[in-house]
Amino acid sequence: MQAKVYVTPKAGVLDPAGKATQKALHSLGFEEVRDVRLGRYITMEVEGDPTEVTARLDDMCRQLLANGVIEDYRFEVGETGVE
Amino acid sequence: MSGGGLEVDEKAAIEHGLTAEEFADVCRAIGRKPNLAELGVISVMWSEHCSYKSSRAVLRDLPNDGPRVLQGPGENAGAVSIGDGLAAVFKIESHNHPSYIEPYQGAATGVGGIMRDVFTMGARPIANLNSLRFGSFDHERTRYLVSGVVAGVGGYGNCVGVPTVGGEIYFDRGYNENILVNAFTLGIVQADRIFRAEASGVGNPVLYVGSKTGRDGIHGASMASTEFDDETEEKRPTVQVGDPFTEKLLIEACLELMEKDAIVAIQDMGAAGLTSSSVEMADRGGVGIRIDLDKVPKREEGMTPYEILLSESQERMLIVARAGAEQQVRDIFDKWDLDAAVIGEVTDDGFLRVLSGGEEVVALPVGPLANGAPIYERPYAQPRKQAELQRLSLQDIPPPGDYNRTLTRLLATPNIASREWVFSQYDQFVGGNTVVRPGSDAAVVRVKGTNKAIALSVDCNSRYCLLDPYVGAMTAVVESARNVVCAGAEPIGVSDCLNFGNPEKPEVMWQFREAVRGIRDACEALALPVVSGNVSLYNETEGRPIPPTPTIAMVGLIEDVRLHCTQWFRNEGDLVVLLGRTREELGGSEYLAALHGIVRGTPPWIDLGVEAAVQQVCLQAIREDLVRSAHDVAEGGLAVALAECCISGPEGRLGAEIELEASIRPDAWLFGESQSRILISLQSRNLTRLREVAAAKDTPLTVLGSVRGNRLRIGRLLDVEVSELHSVWSGALASLMAEDGVEAG
Amino acid sequence: MMRCGVVTFPGSLDDADTLYSLSEVLGVEAVPLWHKDRGLHGVDSIVLPGGFSYGDYLRSGALARFSPVMDSVVEFANSGGLVMGLCNGFQILCEAGLLPGALVRNQSLLFVCRAAHLRVERNDTAFTNSCSEGERLLLPIKHGEGCFVANADTLERIEGNGQVVVRYVDENGETTQAANPNGSLNNIAGIVNEAGNVFGMMPHAEHACDRALGMDDGAKFFRSIEAQLARGNAS
């Protein structure tokens with residue numbers, strides 16, 4: 001299975017990277033841009049029992065992939081090779 | 001006249017950390033019950049963090065005046081004159097609790113906050129130091145916390161462009177679940193251009209500059225005033241995120257504005273944010289202040305007055321400008337792409353008045369907010385186990401069979417090993433002033449436009465403080481002074497960061513009082529003023545206080561930067577000389593703790609008269625250009641100090657042959673930590689003059705041997721290749737950090 | 001006399017140190033250039049300094065390349081003007097396409113600050129003509145993203161053209177793995193463009209000009225530019 005994990009700054013937590021990027025987009029003329037948030041996108045191949053994969057991924061996110069203090073996460077699981 | 005909104009009751013007040021008696025005091029002071037927003041304001045202003053209610057009475061004893069003092073405690077930072085019309089502005093401050101919860105951001109925002117305290121005074125920050133304390137390496141979170149804190153210190157300082165030039169790092173299981181992150185910043189300013197946070201001029205506009213306000217760190221100040229418990233998890237969303245890029249712009253914009261004639265008063269919005277900065281500025285100036293929350297730049301929708309007032313969003317400042325200078329302020333902040341908004345004005349009624357949606361939501365008298373918190377004379381009592389802790393019987397401790405191995409093991413302990421793994425993550429060069437980088441007794445930064453330099457050191461041996469907080473705190477002062485002396489500097493000012501447990505416990509209060517007494521006595525003996533500082537209490541986890549940790553930051557002045565000195569041997573053939581006397585003192589030593597697992601006894605005694613004399617001799621010798629190196633003898637004693645002289649130099653290693661034999665128990669002679677000792681190397685032709693200088697101060701001087709070859713040999717006890725010493729010492733911390741995968745939050 | 005422009009981007013940190021080293025230590029004329037400037041105030045050479053332009057939050061150098069002043073810098077470079085990027089300046093030059101390759105996170109994943117030995121691979125460039133070939137220099141490095149990478153073709157071209165100007169070496173001048181502070185391919189510390197007028201390197205020449213601060217090999221890079229200009233910069 002392929003898992004895609006998205007880690008983003010929690011709503012309300014300051015995102016200096018998003019702020020700086022938004023400013024730069026504005027200065028390039030992309031005035032329509034609002035609320036830029038920068039996160040991480042992680043892909044991985046996961047083996048094992050498909051019924052447990054969600055719980056396992058949730059553990060991975062909580063323990064390592066996301067910093068629960070300042071970040072939210074979500075993930076998708078799909079068949080390998082299928083977009 | 002009321003603050004509007006519903007009145008709160010005693011229960012709400014207690015939830016905000018006030019006691020029932022304090023709430024009654026509040027109601028009496030304002031003549032009614034406060035509303036929720038007002039309670040929020042009062043609770044942070046009366047928190048331990050802002051009011052110093054437990055410590056203030058004790059701190060009165062500290063000396064804070066002297067011929068060089070331009071600004072003592074009570075402002076954003078202290079200032080001492082360094083001549084040439086310039087002042088050194090500095091302060092050390094804790095960010096312990098946030099760093100335990102989120103090590104990277106906690107440490108980063110700690111560094112950001114202390115820099116704002118310094119540039120608020122008009123001083124350009126030129127050097128950062130920090131004092132970090134972690135649990136032992138066998139604790140599961142230690143590596144995670146070390147790597148997060150170090151990355152956070154670097155991540156912020158490096159990006160802001162202020163070099164981190166030194167500091168100390170200790171590991172002790174007493175900090176397993178309550179680490180300490182104390183950050184220090186030094187800035188330089190023209191002595192007649194120091195800015196203060198004293199509002200004045202009725203009708204002058206109040207401007208908000210810097211980042212927008214979000215729901216960051218609400219109630220951080222009261223969090224810093226309570227112990228950790230299992231519910232701390234619930235407080236997690238309060239952690240602030242630092243934005244060093246904005247801080248860099250803020251520094252440049254503020255310093256540029258300060259060159260104009262626009263600012264009446266300026267203050268950082270730190271802990272307790274808009275609330276404490278406006279109250280403190282109004283209080284210092286004896287005026288009132290009115291703020292309209294609708295005009296505050298906000299990052300999030302729908303923030304309540306309570307949230308806006310208590311937000312601890314970083315990288316924000318409050319400025320009282322001269323009426324008519326608003327546009328000048330806006331123009332400069334525009335240039336740096338920063339927000340600047342007029343949010344209120346100075347008033348004459350002595351009240352903090354806060355408007356929101358056209359209504360007055362807070363109306364509180366400034367005086368009681370700033371100074372009305374009760375000052376507690378907390379009960380104190382020596383811990384019952386103190387006498388037992390100080391009992392040490394050396395007869396029961398077998399001396400080591402192999403002194404070579406003892407030395408190499410000591411050099412590899414976390415508290416003695418090279419800090420290069422840490423320091424290499426910090427920009428040490430930016431600013432172009434760093435003369436001596438981390439790794440010598442003190443860092444040295446030059447002062448541009450003069451021949452002068454500043455030497456800096458932060459110190460505290462908390463094991464000594466646990467065994468005897470009075471002697472331990474004295475040691476912290478005299479050792480940090482000795483460190484800057486070894487760099488060739490005259491100590492001229494102190495900032496202290498007093499980290500202790502819960503002051504409501506008489507044992508902790510006793511430790512606190514003893515430590516302050518120790519700082520006072522040492523500072524008086526060395527004629528040193530304490531010009532700034534910070535108290536961090538409630539450093540406990542599940543009822544256990546941390547070891548008492550009064551961290552001392554020392555600032556020293558070098559009149560001629562060319563005559564600075566470093567700790568490492570520099571020339572083959574130089575003589576090695578010891579100033580001071582070695583006694584049979586092993587209590588509290590790193591040797592006993594690390595190799596015998598014994599933390600007891602009394603720490604080495606200090607005779608303040610002897611200490612002052614040793615420092616004067618060393619300083620005069622450096623100023624007369626008699627010496628090639630000078631190194632304080634500290635943790636690990638004479639043998640470790642000699643090894644450090646051999647291996648810590650950036651330009652290669654040198655051996656030493658020490659001919660003197662032990663006159664006391666050999667392990668005490670080699671590894672005991674008797675105070676008031678300095679190791680010097682010098683050309684033999686300068687020995688006669690050095691003897692004269694020492695004799696004039698009745699200071700013992702012993703010729704130990706000479707710098708020679710590629711081995712460190714100490715009498716018949718010890719003989720090791722310096723390359724081996726270097727290898728264990730330089731690699732130890734990195735390999736300790738690499739032993740396991742790093743746990744993530 | 002040399003008239004060197006030093007660009008300040010928001011978040012530049014070593015700009016003031018570069019100006020100071022040029023004017024106070026080396027005694028040449030240094031002109032501050034502001035990122036919003038549309039002209040170059042008649043400078044004859046440009047330094048893009050170190051720091052964290054725009055916080056380097058998206059990617060090092062990625063936002064700075066769009067500053068108004070960069071249009072003039074690119075134009076200046078394309079017409080043969082001498083441009084030197086140090087650390088963040090090197091990253092910006094790569095992002096702007098004035099130099100090949102890219103600088104990514106150090107292999108250790110840690111910021112690294114220390115003195116590094118460099119070996120001068122070529123002394124016939126506008127930036128190293130004051131050095132001897134094979135000379136070993138000591139300069140500070142301080143960066144989190146200094147690992148030079150390029151795809152195989154590009155790397156081959158860079159090496160084949162002799163565009164590598166300085167490499168990280170050990171005390172004996174060898175390009176060992178241990179001497180490589182960040183994992184850069186082939187220990188590359190600095191490169192020039194094919195025309196030879198644009199140079200970028202991670203080490204900080206500006207922090208190695210003043211003997212009083214310990215290192216002074218960095219002065220040679222600025223002296224080389226000066227010498228090149230004196231000869232009429234016929235690169």
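Given the structure is predicted, the values throughout are model-derived calculations rather than measurements. Quick note on labels: first sequence line is chain A, next is B, and so on, each numbered from 1.
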[atom1]/[X]: more than 12 non-hydrogen atoms of other groups inside 6.0 Å:
X	atom1	answer
C:E75	CD	no
A:D49	CG	yes
A:E32	CD	yes

Using the side-chain hydrogen bond (donor to acceptor under 3.5 Å, both in side chains) criterion, which residues pair with [X]? Sequence neighbours excluded.
X	answer
C:H207	C:D14, C:D17
C:H117	C:R136
C:Y20	none

Checking A:A24 against chain C: side chain, backbone, both or neither under 4.5 Å from a heavy atom?
side chain

Output the residues of residues 36-65 of chain C for which the shortest heavy-atom distance to chain A is under 4.5 Å, in residue-number order; output 'none' if no such residue exists.
C:Y54, C:Y57, C:L58, C:L63

